[in-house]
Structure formats: structure tokens, C-alpha cells
Protein chains: 2
Amino acid sequence: MSQHRHPGAPGRAGTVPALPDLPEATVARLPVYLRALHQLAENGHETVSSEGLASAAGVNSAKLRKDLSHLGSYGTRGVGYDVEVLIGQIESVLGLTQSRAVALVGVGNLGHALAGYAGFASRAFRIAALFDADPARVGEEINGLVVHHVDELARVAVEERLAIGVIATPAGAAQAVADQLVAAGVRSILNFAPCVLSVPEGVDVRKVDLAIELQILSFHEHRKASLTGLPAGGPAHTLTTRPGDAPPTDPQEAIGT
Amino acid sequence: MSQHRHPGAPGRAGTVPALPDLPEATVARLPVYLRALHQLAENGHETVSSEGLASAAGVNSAKLRKDLSHLGSYGTRGVGYDVEVLIGQIESVLGLTQSRAVALVGVGNLGHALAGYAGFASRAFRIAALFDADPARVGEEINGLVVHHVDELARVAVEERLAIGVIATPAGAAQAVADQLVAAGVRSILNFAPCVLSVPEGVDVRKVDLAIELQILSFHEHRKASLTGLPAGGPAHTLTTRPGDAPPTDPQEAIGT
DNA sequence: TAGATTGTTAATCGATTAACAATC
DNA sequence: TAGATTGTTAATCGATTAACAATC
């Protein structure tokens with residue numbers, strides 16, 4: 001999923017204060033804990049046990065304690081974790097104390113939705129620039145931002161210090177966009193286009209892929225159906241295989257028009 | 001991520017022809033292979049080696065062969081895999097030979113984008129019903145489908161044999177929607193709302209969470225920055241921690257308005 | 001002190017990978 | 001046959017989990 005170096009790996013020259021080396025699985029859960037902690041804080045909790053936080057986050061408490069142990073020790077035996085302290089600690093580890101400029105490339109259906117996304121309008125991320133390849137869309141204003149032509153990416157990247165690129169273009173355009181982002185110095189990419197991106201070492205790519213998620217669910221539905229007799233929803237109908245058909249799930253665009 | 005039983009686990013009473021027991025990691029990659037295979041087919045390839053397919057899918061060939069070995073043996077030593085045969089095999093394992101009815105709950109910004117998603121309009125998935133809690137939105141027509149009130153979920157679920165529920169509501173509404181979906185017999189849920197859902201055993205939940213993806217990227221950016229001196233995009237500016245601030249990334253809606 | 005809860009240990013499990021014998 | 005490539009083995013790695021000693 002994510003293509004990246006593990007810069008904290010043992011053996012590198014130690015010129016910087018060693019950052020804790022977190023397992024990827026832990027990194028992926030910290031944002032979930034953080035969200036649960038914010039909810040707890042809103043509800044007036046000053047302290048929470050590993051059991052309480054784990055259940056709010058939907059994991060078991062052993063895993064939670066193991067994860068938090070990688071950050072150092074921030075709990076009190078017999079008491080639990082101080083909610084505000086733990087929030088600060090996780091935000092610090094995730095680098096959320098910096099505000100990162102996000103570029104959104106592709107302002108189709110999905111791009112429009114993402115441009116209005118509240119998650120962007122947070123302290124840690126601000127959507128700083130919009131791009132599209134369609135001249136008809138360039139100049140359009142969305143949420144107070146003007147859409148640039150994608151060829152301006154390099155220039156704007158420098159001006160706005162773009163740190164993260166979000167690709168919401170058709171699959172056919174995504175690799176070229178990724179190349180442009182990388183050339184512009186962006187080393188973190190979130191890809192909504194249904195395709196594999198190839199990027200140089202040191203660039204992180206994460207992907208969000210609706211078709212893949214649906215197909216994984218389909219697998220488990222299929223399993224459940226073949227085990228329990230007939231399912232609640234029921235298999236709508238069996239499709240006859242017609243070789244040569246159009247691919248069932250390979251849309252031209254990240255989100256079609 | 002996914003909460004589900006492993007129905008094919010050893011030890012169950014064997015009343016059905018045993019389905020191959022696939023590792024979750026393999027299941028998650030099969031859709032990627034499938035997409036790559038469709039591209040190869042479009043480009044006229046009749047045969048592909050594990051090396052060729054692996055590189056198109058962005059994995060190494062050992063992993064690909066291992067994954068495919070779980071499906072049985074469909075390659076020819078010295079030659080490779082027949083593209084069409086392998087497509088058929090993967091589609092069959094993923095249950096993509098059935099057409100599944102998808103319910104989309106929440107037709108805000110994101111919901112609208114998803115309703116137009118080409119991945120839904122495939123042979124394996126058809127978007128069969130739209131729901132919203134906002135009376136002002138009920139009755140609206142999107143892509144040829146009328147928006148129902150969410151209270152009609154149970155009735156429509158039976159009529160349309162809904163198999164998969166996609167939640168694109170605000171976080172605050174998501175759990176109630178999930179409960180209604182489960183009550184209506186839906187056992188596969190794709191959750192775009194930024195919250196943890198709790199569902200009974202036997203129900204699969206997969207989540208797509210933009211804020212989490214951004215925060216994971218942020219972690220690696222942070223790492224890269226602290227290692228290599230200053231990054232290309234540069235840390236825009238350091239935020240002062242103001243305890244009591246609004247949560248940085250816990251939007252009220254899956255995609256805000 | 002007694003009860004509660006953390007942080008850590010060690011066992012287990014699942015996933016990845018390289019190497020290579022089998023075989024087309 | 002010789003070259004190519006699969007399917008499988010076995011070693012390695014990372015993640016999960018339960019249990020419990022440490023300690024508030």
C-alpha cells in the first residue's frame with residue numbers, strides 16, 4: 001500500500017535525535033486512537049483506561065497498550081492515561097503540529113467533494129491549491145480557491161510549499177500527475193485513481209480505492225452465502241460469463257461523471 | 001479494518017464444497033491483480049508471466065505466485081498464465097459473477113460523487129437505492145434513482161435484495177444507519193463516515209477514511225523531514241499547541257458541505 | 001494496604017521473501 | 001534437449017495476543 005523507506009531503521013548514521021521507530025500497523029492505528037481521544041475530551045473525560053480507549057477505538061486493550069508503549073510511557077498504573085497528554089503525544093508523533101499544504105489534482109465529481117472536505121480544513125492540513133487538466137475548468141473557483149492548470153503544478157508547488165498531493169483524476173492521467181507531483185518535490189501522495197502508481201524511493205503513496213473495497217466485501221459475501229445457504233439480500237442473479245466483456249470494475253475515472 | 005468470521009476455518013461441519021481458504025492479505029490483492037489483468041487483456045496479451053503481472057500490479061513476483069497458488073494452479077510452467085482464464089478464476093473466487101445490489105446512505109457531497117461512480121455501474125455491483133435522513137433531499141432524483149428516506153431502508157432492502165450498504169453520512173448518524181442496515185439483513189458495509197462502527201459478528205465492515213490516510217502520510221513526512229534536514233515542500237509553519245482547541249481532524253461529516 | 005491498571009514479556013500467528021525443484 | 005517459468009518449501013519477519021510482574 002505504502003511505498004516508503006523506513007528512515008528510522010537501525011544502522012543509519014545517527015545525526016538526528018532518534019525518533020521512535022513505530023511499526024506500520026501502529027502508525028495506522030494512532031489516528032484512530034486520536035479521534036477517540038478527541039471524543040472523550042469533548043465528553044469531559046480527563047482520564048481513560050486502556051480498556052476504555054481500546055473499546056472506543058474498536059481494538060483490544062492489549063494491542064492498544066502495545067501501540068502506546070512504542071511512544072514511551074504516558075499512562076499511570078492503576079489510573080490510566082491523561083486524555084490531553086496523550087492527544088498531545090500522538091499529535092506530536094504524527095507530525096500534526098505542523099500545518100501541511102495539500103494539493104488536489106482533478107476537480108471532477110470526487111474532487112469537488114474532497115475540496116469541501118472538513119478533514120482538510122483542520123489545523124494539520126490545509127488545502128492550498130486545486131488543479132485540473134481540463135481548460136474549461138481552469139479558473140473556476142471552488143471553496144475560495146481558483147483551479148489552476150495542472151501544468152502550473154511545479155510553480156505553485158514552490159510558492160505554496162505543497163507537501164501532500166491528492167490525485168482525483170481519471171486513471172489514465174494519474175501516473176503523469178504523480179510524476180509531476182514528484183518532480184515538484186511532493187513526496188506524499190494520496191491516490192484516489194483506480195490504478196497502480198510507480199514512484200521513486202522516498203515517495204509515499206497511499207491509495208483509496210472504492211472498487212477494491214467493494215470486491216473485498218464481495219468475497220466475504222460470497223463466502224457467507226455459500227456457507228449459510230441463501231443470504232438475506234440474496235444473490236440478485238448469477239451473471240453468465242461473457243468473455244470479451246468490458247472489465248467489470250475498471251472505471252475510467254476515480255469517480256465517474 | 002474488516003470485522004468478520006473466517007467461515008472457511010478448519011473445524012466447521014463440512015456440508016458445502018470447501019472453498020479455498022484465502023489469507024486476508026491475498027484477498028485484498030486479488031482485485032489489484034484483476035485490474036492489471038483486464039488492462040493486459042485490453043492490450044491484446046493472451047498470456048502473462050508472474051513477473052509481468054506482478055510488475056503491473058506493483059508487487060513482487062514471489063508474492064504474486066504465492067497468492068495465485070491459493071486459488072489452485074492456473075499457470076503453465078515455462079509459459080505463464082492465460083490472461084482470460086486467470087480473470088475468470090479471480091472473478092469467480094471474489095464472487096464477481098453475481099450482481100450485488102448496493103445501497104448508498106447519505107447523498108451529501110460525497111454521496112453525490114459516489115452515486116455517479118463508474119465502479120458501481122459494473123456487472124458485479126449496481127447501485128440499487130439511495131437514502132438520506134434530510135426530508136429536503138428525499139424525492140430528489142440522482143442518476144435515475146429517487147432518494148428515499150432512511151426510515152424506508154428495511155422495506156427497500158427486502159424489495160431490492162440489498163447486499164452491500166455504503167455509508168456516506170455525517171459521523172454522528174453512521175452508527176444508527178449501520179444498525180438499520182444490519183437490521184435489514186445487510187451484512188457488508190463500506191463506511192466513509194469518520195467513526196468506528198460496532199456491528200454484530202458475521203457483518204463485515206470496511207472503512208475508507210481520508211483523515212486517517214492524511215495523518216499516516218503526515219507521520220512519514222514528519223519522519224522524512226526530521227532526517228533529511230528540511231523537506232522540499234517545507235514544514236509550512238509550526239503550530240502552537242492550544243489545549244482546548246477543536247479537534248484538528250474530526251469532521252462532522254464524511255465529506256463536509 | 002488492596003485494588004486497579006499499566007508496560008513488558010513470550011508465545012503464537014500470519015505474511016513476506018528467496019531459493020529451487022518440478023515441469024512445460 | 002535447453003531455457004523459461006511455475007508452484008512450493010523453508011526461513012524470516014512483523015503483528016497479535018494473553019498473561020503477569022511492576023507500580024500507582
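In what follows, chains are A, B, ... by sequence order, proteins preceding strands, each numbered from 1. Since this is a predicted model, take the numbers as computed values, not measurements.
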Protein-nucleotide distance ([X], atom [atom1]; [N], atom [atom2]), rounded to Å:
{"X": "B:Y74", "N": "D:dG7", "atom1": "OH", "atom2": "C1'", "answer": "14 Å"}
{"X": "B:E51", "N": "C:dA19", "atom1": "CD", "atom2": "P", "answer": "14 Å"}
{"X": "B:D21", "N": "C:dC13", "atom1": "CG", "atom2": "C1'", "answer": "14 Å"}
{"X": "A:R29", "N": "D:dG14", "atom1": "CZ", "atom2": "P", "answer": "15 Å"}
{"X": "A:Q89", "N": "C:dG7", "atom1": "CD", "atom2": "P", "answer": "12 Å"}
{"X": "A:L68", "N": "C:dT5", "atom1": "CG", "atom2": "P", "answer": "16 Å"}
{"X": "B:H70", "N": "D:dT9", "atom1": "NE2", "atom2": "C1'", "answer": "13 Å"}

For the student: nearest non-hydrogen atoms of [X] and [Y], plus distance:
{"X": "A:S61", "Y": "A:E51", "value": "OG-OE1, 3.3 Å"}
{"X": "A:E213", "Y": "B:V208", "value": "CG-CG2, 4.0 Å"}
{"X": "A:H70", "Y": "A:P23", "value": "NE2-CG, 3.7 Å"}

Notebook entry, point to check: Going by distance alone, is a donor N or O of one side chain under 3.5 Å from an acceptor N or O of the other, for B:H45 and B:E84?
Noted result: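 The answer is no; no qualifying pair exists.
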
Check: Going by atom types alone, do A:D67 and A:T26 pair a side-chain donor with an acceptor below 3.5 Å?
Finding: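 A:T26 and A:D67 do have a side-chain donor-acceptor pair below 3.5 Å.
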
Item checked: Selection from D:dT8, C:dG7, C:dT6 that lies nearest to any side-chain heavy atom of B:S69 -> D:dT8

Notebook entry, point to check: Judged by atom type as modelled, is there a donor-acceptor pair below 3.5 Å linking the side chain of A:K207 to the main-chain atoms of A:F192?
Noted result: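 Not a single qualifying donor-acceptor pair exists.
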
Check: Got a donor-acceptor contact below 3.5 angstrom from the A:D179 side chain to the A:A183 backbone?
Finding: no

Checklist line | Ranges pairing with ranges for DNA chain D, where each run has three or more Watson-Crick or G-U pairs under 3.5 Å | finding: C:3-24 with D:3-24

Check: Any donor-acceptor pair under 3.5 Å joining the side chain of B:R77 to the base of D:dT5?
Finding: no

Next item on the list: Could you check A:D67 against B:S50 and say which one's nearest nucleotide on DNA chain D is further toward the 5' end?
Entry: B:S50

Next item on the list: Kindly say if A:Y81 contacts the phosphate of C:dG7, meaning a side-chain N or O under 4.0 Å from OP1 or OP2.
Entry: yes

Checklist line | CZ on B:R123 to CD on B:E91, rounded to 0.5 Å | finding: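 Separation between the atoms: 6.0 Å.
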
Check: In residues 57-66 of chain B, which ones come under 4.0 Å of DNA chain D, going by heavy atoms?
Finding: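 Correct list: B:R65, B:K66.
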
Check: Does the side chain of B:V166 reach to within under 4.5 Å of the side chain of B:V105, using non-hydrogen atoms?
Finding: no

